[in-house]
2 protein chains.
Amino acid sequence: MVASGHPKPKSNSAIAVEKLRELIFAGILPAGSNHLESELALRLGMSRTPVREAALTLEAQGLVQVQARRGVRILPISIRDMEEIYDVLTALESMAAGQAARQNYAEEELQELQQTIVDMEDALDREDREAWAAADDRFHKELVRLGGNGRVATIVALMADQVRRARAVTLYLRPLPLKSNADHRGVLEAIITGDAERATRIHSAHRSASKKTLMQLLKQTKLHML
Amino acid sequence: MVASGHPKPKSNSAIAVEKLRELIFAGILPAGSNHLESELALRLGMSRTPVREAALTLEAQGLVQVQARRGVRILPISIRDMEEIYDVLTALESMAAGQAARQNYAEEELQELQQTIVDMEDALDREDREAWAAADDRFHKELVRLGGNGRVATIVALMADQVRRARAVTLYLRPLPLKSNADHRGVLEAIITGDAERATRIHSAHRSASKKTLMQLLKQTKLHML
DNA sequence: GCATACATTAATGTATACGTTGTCAAGAAT
DNA sequence: ATTCTTGACAACGTATACATTAATGTATGC
């Protein structure tokens with residue numbers, strides 16, 4: 001067998017999910033807009049059936065809403081939505097940080113987490129906001145993975161998707177998150193030393209601060225819908 | 001307009017979701033079993049299409065898994081699954097308790113929560129485990145509602161579904177949860193007095209204790225799969 | 001001139017037919 | 001006897017045709 005990449009025969013339904021997600025995240029299907037199933041099917045070059053199934057999947061993920069006779073509606077994200085999302089992330093990630101600390105990981109198992117912090121610092125030096133955001137995503141994802149709770153990882157990934165949609169707008173509005181890295185290092189150290197309570201506390205404070213900053217930003221700039 | 005119940009013309013797809021959920025919770029479709037789409041369609045008296053859509057919905061809810069050529073598999077719940085689920089519930093409900101305390105609810109707005117506690121006490125007096133479980137469900141659901149975060153409510157409802165599946169087995173194995181009610185009253189009082197930190201702490205301890213009890217029970221009785 | 005009722009239409013919801021593919025078993029070869 | 005191959009079958013994935021239903025526009029009556 002050739003060692004090439006997966007010869008994965010993806011179903012059209014799965015392809016539709018991917019493509020629609022891309023279209024939504026790229027803003028080509030703008031928040032609040034409605035799209036007929038037949039229109040999307042035409043655009044994706046397949047029949048309505050797999051598109052319909054993809055729409056159901058995306059609805060379960062909270063990205064769209066399927067309305068009878070009005071097509072699939074790309075859900076907008078209000079300030080209140082962002083508040084809810086950040087609170088869920090705060091609760092679950094903080095718990096994950098604590099659980100990670102309880103696992104007694106060897107330092108080498110924490111290399112990826114450490115690397116994301118280094119990458120964030122590098123990005124900050126270069127004032128590269130995109131790179132910082134990408135590394136920040138990796139940090140939070142890895143943190144949750146280390147927590148060892150698959151359901152938490154799934155839920156957090158869903159919520160993080162929503163945050164990412166909003167970031168297109170918010171990333172360049174806020175000041176560079178210089179303070180964040182102290183928090184990240186603190187969480188890492190707490191995990192290394194096995195101090196679960198401290199890991200939870202630091203991360204919770206970190207998320208709360210992020211939320212506060214973002215909320216103020218959204219309210220100031222009157223970006224009530226994304 | 002007559003004040004009778006909704007003349008709701010539910011779609012077959014929605015009906016299929018309901019019926020399949022009932023069949024799963026009743027154990028008629030046992031955990032771990034596989035069922036062909038055509039078989040389920042025949043049983044529900046409709047074509048494969050709405051059944052397929054229902055299966056996708058239930059898959060997103062974590063109740064089943066659709067495997068190519070092997071039909072829909074009713075997902076079993078392992079001890080590890082229950083542990084993950086309880087941890088998610090602990091984190092989100094505890095936060096909800098704190099948020100509820102911050103809302104400065106008038107006492108009349110907390111009547112339903114109070115009523116569930118009364119009902120639990122009544123059920124305990126009568127040693128009616130089913131009634132206790134039903135009231136306990138209402139307590140947790142109402143608590144989360146009072147927290148005011150819709151996403152938390154949705155996620156908790158999903159997780160609570162899974163717990164309910166397992167309860168058919170566990171409800172009659174464990175001792176009557178006499179101690180629970182002190183916790184419930186404590187949470188209620190903390191919400192009334194607006195002590196968010198206390199509400200969170202008490203509820204978190206309550207959920208942790210419940211988890212511990214359940215875990216021991218499951219391991220002792222060697223009920224590794226449900 | 002406005003409101004109401006009806007007809008038309010367009011989009012969803014559902015059924016069905018068909019192509020595709022993995023599975024399983026039977027038989028042959030080693 | 002075991003393993004590999006091959007072929008048939010069965011179930012899913014997808015397309016398409018059809019039924020259902022709600023929205024819209026028009027016509028008619030008050």
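Each chain gets a letter, A, B and so on, in the order the sequences are listed, and its residues count up from 1.
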Using the side chain to side chain donor-acceptor pair (under 3.5 Å) rule, take His206(A) and Ser204(A) through it: C-alpha gap first, then chi angles, then the decisive distance, then the call. CA-CA 5 Å; His206(A) 168 62; Ser204(A) 181; over 6 Å; no

Show your reasoning for whether side chain to side chain donor-acceptor pair (under 3.5 Å) applies to Thr116(B) and Asp119(B). CA-CA 5 Å; Thr116(B) 64; Asp119(B) 291 347; over 6 Å; no

Apply side chain to side chain donor-acceptor pair (under 3.5 Å) to Tyr172(A) and Glu130(A), showing your working. CA-CA 9 Å; Tyr172(A) 288 91; Glu130(A) 301 282 355; 3.1 Å; yes

For the pair Gln99(B) and Asp87(A), evaluate side chain to side chain donor-acceptor pair (under 3.5 Å) and give the outcome as yes or no after the intermediate values. CA-CA 10 Å; Gln99(B) 306 271 53; Asp87(A) 283 343; 3.0 Å; yes

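When the C1' atom of dT14(C) is taken as reference, atom CD1 of Ile15(B) falls 12 Å away, rounded to whole Å. Taking atom CG of residue Asn34(A) and atom P of nucleotide dT12(C), one finds them 10 Å apart after rounding to whole Å. Protein atom NE2 of His35(B) is 12 Å distant from nucleotide atom P of dC12(D), rounded to whole Å. Look at NZ on Lys10(A): it is 18 Å from C1' on dT20(C), rounded to the nearest Å. The nearest whole Å value for the distance from the CG atom in Leu40(B) to the C1' atom in dA11(D) is 13 Å. Rounded to whole Å, atom P of dC12(D) lies 18 Å from atom CG of Asn12(A).
Ring orientation note: the planes of Phe139(B) and His184(B) are tilted relative to one another, at an angle of 30° to 60°.
Among residues at least two apart or in separate chains, side chain to side chain donor-acceptor pair (under 3.5 Å) pairs with a member in residues 40-53 of chain B are Arg52(A)-Glu53(B), Glu53(A)-Arg52(B), Ser13(B)-Glu53(B), Glu37(B)-Arg48(B), Glu37(B)-Arg52(B).
Between Leu36(B) and Ala14(A), the residue anchored closer to the 5' end of DNA chain D is Leu36(B), taking for each the nucleotide with the nearest heavy atom. Along DNA chain D, the nucleotide nearest Glu37(B) and the nucleotide nearest Ser47(A) are compared for position; the residue whose nucleotide lies closer to the 5' end is Glu37(B).
Using a 4.0 Å cut-off between a side-chain N of Lys or Arg and a carboxylate O of Asp or Glu, Arg21(A) and Glu18(A) do not qualify as a salt bridge.
Near DNA chain C, meaning a heavy atom under 4.0 Å from it, residues 49-61 of chain A has Arg52(A) in order of number.
Among all heavy-atom pairs drawn from Val144(A) and Ala96(A), the shortest one is CA-CB, 4.1 Å.
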Once each nucleotide of nucleotides 17-23 of chain D is scored for protein heavy atoms under 4.0 Å, what B/S/- sequence comes out, 5' to 3'? ---BBS-

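Of the possible donor and acceptor atoms, none in the side chain of Gln65(A) sits under 3.5 Å from a partner among the backbone N and O of Arg73(A).
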